[in-house]
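Accompanying notes for the structure given below.
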Amino acid sequence: MRPPRLNRPLVLEEAVRHADGLGGYGGGWAALGTLWAEVLALGGRDVAADQLLVSTTRYRITVRAAAPGAPSRPRPDQRFREGGRLFRILAVAERDAAGRYLTCYAEEEVAT
């Protein structure tokens with residue numbers, strides 16, 4: 001198996017919740033750090049939703065492994081950002097038996 005080409009910097013983000021001062025909560029995203037990644041498209045589809053066409057593309061994103069529980073280890077409730085592009089992480093698995101890399105299956109949605 002060839003080593004991945006980690007040639008794209010992606011910002012790993014996680015959802016944060018904060019009190020809005022009125023008894024409720026607001027949300028946002030906080031950057032956890034930048035990971036170098038290999039990003040490969042797996043396939044896509046277009047779906048019509050509420051007078052809008054949404055293009056969904058699935059990706060396989062490979063990053064260097066981090067220990068379970070480490071803040072730099074991606075999780076399915078997080079996302080990657082590349083400029084204005086957002087990749088929602090759906091699943092994470094070890095890529096190789098030695099545990100050197102992680103494969104993140106992600107999805108990007110774009111309204112067209």
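On a predicted model such as this, the values are computed, not experimentally measured, just so you know.
Heavy atoms only, all atoms of each residue included: L53 and A48 are closest at CD1-N, 4.0 Å. Nearest heavy-atom pair, V92 versus P74, reported as atom, atom and distance to 0.1 Å: CG2-O, 3.6 Å.
A heavy-atom distance below 4.5 Å is found between the side chains of L102 and R73. In this structure, F80 and L86 have side chains that are not in contact, with every pair of non-hydrogen atoms separated by 4.5 Å or more.
Between the CG atom of D77 and the CG atom of L90 there is a distance of 12.0 Å, given to the nearest 0.5 Å. Within the model, atoms CD of Q78 and SG of C104 stand 9.0 Å from one another, a figure rounded to the nearest 0.5 Å. One distance of note links OG of S72 with CG of L32; it measures 9.0 Å at 0.5 Å rounding.
Applying the side-chain contact (heavy atoms from CB on, under 4.5 Å) criterion to A98, with sequence neighbours excluded, gives D96, R100. For E94, the side chain to side chain donor-acceptor pair (under 3.5 Å) test picks out no residue, with sequence neighbours left out. When the side chain to side chain donor-acceptor pair (under 3.5 Å) test is applied to N7, no partner is found at least two apart in sequence or on another chain. Take R79 and apply the side chain to side chain donor-acceptor pair (under 3.5 Å) test, not counting sequence neighbours, and it matches E13. By the side chain to side chain donor-acceptor pair (under 3.5 Å) test, E109 pairs with no residue at all, sequence neighbours left out.
Among residue pairs with one or both ends in residues 15-37, none qualify as ring pair (Phe, Tyr, Trp, His ring centres under 6.0 Å); sequence neighbours excluded. The ring pair (Phe, Tyr, Trp, His ring centres under 6.0 Å) contacts involving residues 92-112 comprise nothing, where partners must be two or more places apart or lie in separate chains.
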Exercise answer: donor-acceptor pairs, residues 56-71 side-chain atoms, under 3.5 Å, sequence neighbours excluded:
{"unit_1": "R58", "atom_1": "NH2", "unit_2": "E107", "atom_2": "OE2", "d": "3.4"}
{"unit_1": "Y59", "atom_1": "OH", "unit_2": "R85", "atom_2": "NH2", "d": "3.0"}
{"unit_1": "Y59", "atom_1": "OH", "unit_2": "E108", "atom_2": "OE1", "d": "3.1"}

Please tabulate, for side-chain N and O atoms in residues 38-46, each donor-acceptor pair with protein atoms closer than 3.5 Å (sequence neighbours left out).
{"unit_1": "E38", "atom_1": "OE2", "unit_2": "R2", "atom_2": "NH1", "d": "3.3"}
{"unit_1": "E38", "atom_1": "OE2", "unit_2": "R2", "atom_2": "NH2", "d": "3.1"}
{"unit_1": "E38", "atom_1": "OE2", "unit_2": "R5", "atom_2": "N", "d": "3.1"}
{"unit_1": "D46", "atom_1": "OD1", "unit_2": "S55", "atom_2": "OG", "d": "3.2"}

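In this structure, V110 stands alone, with no Ile, Leu, Val, Met, Phe, Trp or Tyr side-chain heavy atom under 4.5 Å from its own, directly or through other members.
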